[in-house]
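Quick caveat, the model's predicted, so the values are computed rather than measured. In what follows, chains carry the letters A, B, and so on, assigned in the order in which the sequence lines appear, proteins first and then strands, with residues in each chain numbered from 1.
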Amino acid sequence: MSEHTASSPTNDEVDSSPDFLSCPPIFVLPTHLSLESLHEIEEDLVKRNARLTYDISEARLILGKIGQEKRAALELRSRGVWTEPISKYEPPTKRRRVEAQEPVKSARQDDIIDLSTETEDEEDGMRSRHGPSRHLNRPKPPSASASTPHPSIASSDQSDVISVVKLDWLNQCLQAQELLSIEPYLVYLARQIPSPAKPQPNQPTKTTTKSADILQRAKQDAVLQPPPPPPTHNHHSRTHTTHQPPPLPQTTTSEHDEVVSPHSPPPWVKNNIIYACLRSTPLHPPNEDFINQLLKIRHIRELTLDEIGVRAYSTSIAAIAAYPHEIRRSSEILSLPGCDTKIANLFHEYQHSANHTLATANELDISPSLQTLHTFTNIWGVGTKTARDFHYNHNWTTLDDIIEHGWPTLSRVQQIGLKYYDEFLQGIPRPETSHIAAIVTKHANRVRPDAGTPIQCAIVGGYRRGKPLCGDVDLILTHRDEHITKNLVVDVVASLESEGWITHTLVLHLMHSQRDQQTLPYRASDDSTAPGKNFDTLDKALVVWQDPHFDDSDHHHHHSHADTDSEEEKTRQKRKRNPNIHHRVDIIVSPWRTVGCAVLGWTGDKTFERDLRRYVKKTHGWKFDSSGVRERTTGGQVVDLEAGGETWEERERLVMQGLGLGWRDPEERCTR
DNA sequence: GCCA
DNA sequence: CAGTACG
DNA sequence: TGGCCGTTACTG
């Protein structure tokens, strides 16, 4: 396949000459190249110490299978790099401002930790815990773009000068085993200029379309027949039945070669199953490291308000997370539903980068703005819009900035979120989660002493998926008798509040909206709650939890607590501050008749749930949510799929089967 | 960004 | 109404 | 080329 014969199989002696280390960062244009040969070229370069980059904006030397200057400019522009031609003798100017940093807005440089904060927070009885003013990784100033000087092969290492060179140059260099002048191969010598106006992601330009077509074909091939083992004569890789590739043929030398048998695609790949809810997705998939990189990119998309990008990356991530083999070649990616050339190229970059990272993903770590936004969105009650408002309109960069300058403008829940910022970010261990569940269950039964049979509690969410640490605790309370579950949330929360377990109620959700009246007309009359609609039937409560018990006896260091007696003698009669961590707990109450839906709807990961709704809509025309399955036709008749299930587990299974999902263990719904 |  | 939350 | 979860439900 290689229309470019760089890697000689007989590489006894000279495997790595010439050495491209002295060349400026190199980018290889994929245009007119198959994925295979593109990767082959890149591997040849890497092997010879080239500073290969996958971020074209970093590249100063660009290799491509193109011959015309105009075409070269088009290629660059379609990738977001705007250029103007320069004559070969014009002295380069310097430019290169990486990231225009925001005006330095005179922030007072030190943080006054606020007594102010804690006194102002009393409005709903927040106890003044010490302020949320914790150290936050404060953004580092952008390091001046350090473009290390290096000898340049053809002078074009200047910061803003880009050379587009025919691929043939590389071939000749390899053949000659020495670096040749790029001069005869130079297609386009350009200076990078700022993109006009806003960074318009202009039309894809047919060149990219074209290269995408090639890869598209590769994708189809990949689906039908696993990527052809490279022309390595020997070895008929037999189609092995299960996922367990036969031992790799030892090719004593060149380790970088894909001389391995292809994986047999799992059925969902062959059948192009696009819904994550129809696949098995474990908590720790074989390609977790790569997924973690993609998760960072997705997060950047979130912080930059690119909702569609978030959706797209979620789809790709879910597919890769379901893939049961460690991916060896980017062409494998192309075979996965929800993944295309973009992700395949990212995988290739990941695979060949020194530390297995992606340049785009690294932005999250190095961009001060992104870090600030990341910090802000971690406040419960602050989403991406508000985070950007804080940062870009108010010029706040730290939590202390918000506290100092914006505290009174925050909503109640945002104040709570800020107050317990660090504590909410602490993962909750499984034993603690089950302990919390036991206490909630105990109180539920305490407030329904005549229930006959006990109220049951299902721990759902991340806990049920098997996570060792959970971001919050999700509990579903249910009972066969609807009289028992009615108003249960209010009563349980009140009971837990009175004992001090719940310190704040962030929000109460009311499940039966007015529209739902029509969906359960049979209930409206049957229930003793006949009069109209019970507006007080609460479905879930999002609360702040703290174990009220702690050791406040001083007898260990009896006598002289010389440290604390200064200012709080007043509050310290017998109550010292409760040192226990505050956690987020969601208490959901479900009537028995739909508890299978509730459990199914609260166990899956986000992408699992989104795809579940899409799937149910597409294949049945129904609407699924955690409160039931309905017809989508107006008036939405209830579709009862779980009738007869005697346990909530059984009812969940019935729902899954009724929806056509088959069964999938909770631990297999980890779509990320 | 991917797909029907 | 926009924004946020839930999985 | 349009659609992407939810006619979510709550807050302010």
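Among the protein residues, K606(A) comes within range of the nucleic acid bases, having at least one heavy atom under 4.0 Å from a base atom. Across all strands, R301(A) comes closer than 4.0 Å only to sugar-phosphate atoms, never to a base (heavy-atom distances). Nucleic acid contact class of N272(A) (heavy atoms, under 4.0 Å, all strands): sugar-phosphate only. If you check every strand for non-hydrogen atoms under 4.0 Å, D611(A) touches nothing. Residue I588(A) is classed as having no contact, given no heavy-atom separation below 4.0 Å to the nucleic acid. If you check every strand for non-hydrogen atoms under 4.0 Å, F608(A) touches nothing. R465(A) comes within contact range of the sugar-phosphate backbone alone, with a heavy-atom separation under 4.0 Å but no base atom that close. Within the 4.0 angstrom heavy-atom criterion, only backbone atoms of the sugar-phosphate kind lie near G604(A); the bases stay farther away. Counting any heavy atom pair closer than 4.0 Å across all strands shown, V413(A) reaches no nucleic acid atom. The residue I274(A) sits close only to the backbone: its heavy atoms come under 4.0 Å of sugar-phosphate atoms, none of a base. Residue contacts for S626(A): at a heavy-atom cut-off of 4.0 Å it reaches no nucleic acid atom on any strand shown.
The separation of dA5(C) from dG6(D), taken at their C1' atoms, amounts to 12 Å, rounded to a whole angstrom. Rounded to the nearest Å, the gap between the C1' atom of dC6(C) and that of dG3(D) is 23 Å. The same atom, C1', is picked in dT4(C) and in dC5(D); the two are 15 Å apart, to the nearest Å.
One can place OH of Y313(A) at 13 Å from P of dC3(B), the figure rounded to the nearest angstrom. At whole-Å resolution of the value, CZ in R630(A) and C1' in dT8(D) are 11 Å apart. For L294(A) and dC2(B), the CG to P distance is 11 Å, given to the nearest whole Å. The distance between atom NZ of K618(A) and atom C1' of dG3(D), rounded to the nearest whole Å, is 9 Å. Distance E302(A) CD to dG3(C) C1': 15 Å, rounded to the nearest Å. The CD1 atom of I416(A) sits 14 Å away from the C1' atom of dT4(C) (whole-angstrom rounding). The separation between R632(A) atom CZ and dT8(D) atom P is 11 Å, rounded to whole Å. Here the C1' atom of nucleotide dG3(C) and the NE2 atom of H509(A) are 13 Å apart, to the nearest Å.
With the nearest nucleotide of DNA chain D identified for both I308(A) and S411(A), I308(A) has the one nearer the 5' end.
The existence of a salt bridge linking R464(A) and E652(A) is confirmed by a sub-4.0 Å separation between a basic side-chain nitrogen and an acidic carboxylate oxygen. Salt bridge annotation for R311(A)-D611(A): present, with a cationic side-chain nitrogen under 4.0 angstrom from a carboxylate oxygen.
Cation-pi check for R430(A) over Y463(A) is met; the charged atom lies under 6.0 angstrom from the ring centroid and within 45 degrees of its normal.
Consecutive Watson-Crick or G-U pairing (both distances under 3.5 Å) extending over three or more pairs maps onto DNA chain C as C:1-5 with D:8-12.
Side-chain proximity of D472(A) to the nucleotides dG7(C), dC4(D), dG3(C) is greatest for dG7(C). Of the candidates dC4(D), dC3(B), dG12(D), the closest approach to any side-chain atom of R614(A) belongs to dC4(D). Ranking dG3(C), dG7(C), dC5(D) by closeness to the D586(A) side chain, first place goes to dG7(C). Of the listed nucleotides (dA5(C), dG6(D), dG7(C)), dA5(C) has the atom at the smallest distance from the side chain of L542(A).
Rounding to the nearest 0.5 Å places CD1 of I379(A) at 7.5 Å from CG of L410(A). Residue W648(A) holds its CH2 atom at 11.5 Å from OG of S590(A), rounded to the nearest 0.5 Å.
In this model, no side-chain donor or acceptor of R311(A) finds a partner on the base of dC4(D) within 3.5 Å.
OP1 or OP2 of dC6(C) has at least one side-chain nitrogen or oxygen of W380(A) nearer than 4.0 Å. Close to dG7(C), at under 4.0 Å from its OP1 or OP2, lies no side-chain N or O of R584(A). Regarding contacts with the backbone of dT8(D), every side-chain N or O of K540(A) stays at 4.0 angstrom or more from both OP1 and OP2. Between S627(A) and dT8(D) there is no side-chain N or O to OP1 or OP2 distance below 4.0 Å.
Side-chain contact check for Q426(A) and H583(A): no donor-acceptor pair (N or O, by modelled atom type) lies under 3.5 Å.
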Before giving the answer on side-chain contact (heavy atoms from CB on, under 4.5 Å), spell out for T384(A) and L373(A) the whole-Å C-alpha distance, their side-chain angles and the decisive distance to 0.1 Å. CA-CA 7 Å; T384(A) 51; L373(A) 295 175; over 6 Å; no

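The six-membered or imidazole ring of W380(A) lies away from that of F424(A), with a centre-to-centre distance of 6.0 Å or more. Between H299(A) and Y313(A), the distance separating the two ring centers is not shorter than 6.0 angstrom.
Atom CD of E307(A) is surrounded by 12 or fewer heavy atoms from other residues, nucleotides or ligands within 6.0 Å.
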